[in-house]
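These notes concern the structure reproduced below.
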Amino acid sequence: IIQICGGFKFFIQRLAMKPSFADLRMITSFADCSKIDSIWPYGQSCDPWNRPYNYPSIWVKFFRSLNIGVENTNLIGYFFFYIFGLSIAILMTRLYLNKNNTSNFVFLMSTLVLFSPVTMLLLERGNIDIIIFFLSVLLVEFLNSNKLIFFIFQKHLPFLCLFLLFLNF
């Protein structure tokens, strides 16, 4: 078992990117570039890996307006870890407080999703989708906590979901 765990640790260490939070670093580095040029840096790559920018420009404008740059990438990345953990805690609490859903299968599936490669890459790269996930969890929790608000907004819920998806494209 120790050899398997050691091999797994070696495998994970080889997958880790240097510098950390690659997707978040792309946004913060482009925010730094747009501070210098004061316009959108079309045609140039500010990314440490020379990748083209593939996020909505609203994220760069948001980070630039808060004066967040490459030097803040690790701090923001750790904040993403925190809000992801908070989102999972909210979901698990809601799941286990529901008396109809207390099966071992639900626990097993939740654990598999939590430790899936997709989740690990999401956290390792500091992907902006963590914010969208957190906002979605807060929206569902808010709507579930107040039945009157849920009744009022149930017609508008698809539009709110589309808005959250719009932020991601």
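Hydrogens, waters and symmetry mates are skipped; everything else that's a heavy atom, side chains included, is used.
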d(Leu123 CG, Phe21 CZ) to nearest 0.5 Å is 8.5 Å

Same apolar cluster (I L V M F W Y, side chains within < 4.5 Å links), Leu121/Phe115:
no

What pairs with Phe81 under ring pair (Phe, Tyr, Trp, His ring centres under 6.0 Å), at least two apart in sequence or on another chain?
none

Are any of the side-chain nitrogens in Asp23 or Arg51 under 4.0 Å away from the carboxylate oxygens of its partner?
yes

Please report the C-alpha distance between Val60 and Tyr55 in whole Å, then the side-chain angles of each, then the deciding distance to 0.1 Å, and finally whether the side chain to side chain contact (heavy atoms under 4.5 Å, CB included) criterion is met.
CA-CA 8 Å; Val60 168; Tyr55 282 103; over 6 Å; no

Can you tell me how far apart CD1 (Ile27) and OG (Ser57) are? Round to the nearest 0.5 Å.
11.0 Å

Non-neighbouring partners of Asn54 that pass side-chain hydrogen bond (donor to acceptor under 3.5 Å, both in side chains), sequence neighbours left out:
none

Please list all pairs passing the ring pair (Phe, Tyr, Trp, His ring centres under 6.0 Å) test where one or both residues lie in residues 117-137, with sequence neighbours left out.
Phe84-Phe133

Check: Leu66 and Phe62 side chains under 4.5 Å, non-hydrogen atoms:
yes

Phe79 side chain reached by Leu75 side chain, heavy atoms, under 4.5 Å
no

Side chains of Thr28 and Asn72, heavy atoms from C-beta outward: is any pair under 4.5 Å?
no

Check the hydrophobic clustering (I, L, V, M, F, W, Y; side-chain heavy atoms under 4.5 Å; chains of links allowed) and say if Ile132 and Met120 are grouped together.
yes

Spell out, as yes or no, whether a donor-acceptor pair under 3.5 Å connects the side chain of Asp32 to the backbone of Val70.
yes

Sequence neighbours excluded, which residues qualify as side chain to side chain contact (heavy atoms under 4.5 Å, CB included) partners of Met92?
Ile88, Leu95, Tyr96, Ser110

Measure the CD-CD1 distance between Glu71 and Ile76 for me, rounded to the nearest 0.5 Å.
10.5 Å

Rounded to the nearest 0.5 angstrom, the OG-CG distance for Ser136 and Asp129 is 10.0 Å

Which distance, rounded to the nearest 0.5 Å, do you find between the CE of Met26 and the CH2 of Trp49?
8.5 Å

Indicate yes or no: at least one non-hydrogen side-chain atom of Arg125 is less than 4.5 angstrom from one of Leu24.
no

Quick one: side-chain hydrogen bond (donor to acceptor under 3.5 Å, both in side chains) partners of Ser87, sequence neighbours excluded?
none

How long is the straight-line distance from OG1 of Thr73 back to CZ of Phe63, given to the nearest 0.5 Å?
8.5 Å

same_hphob_cluster(Phe80, Ile58) at 4.5 Å side-chain heavy-atom cutoff
yes

Under a 4.5 Å cut-off applied to non-hydrogen side-chain atoms, are Ile90 and Leu138 in contact?
yes

Whether the Ser20 and Asn74 side chains hold a donor-acceptor pair (N or O, under 3.5 Å, no angle test) is what I'd like checked.
yes

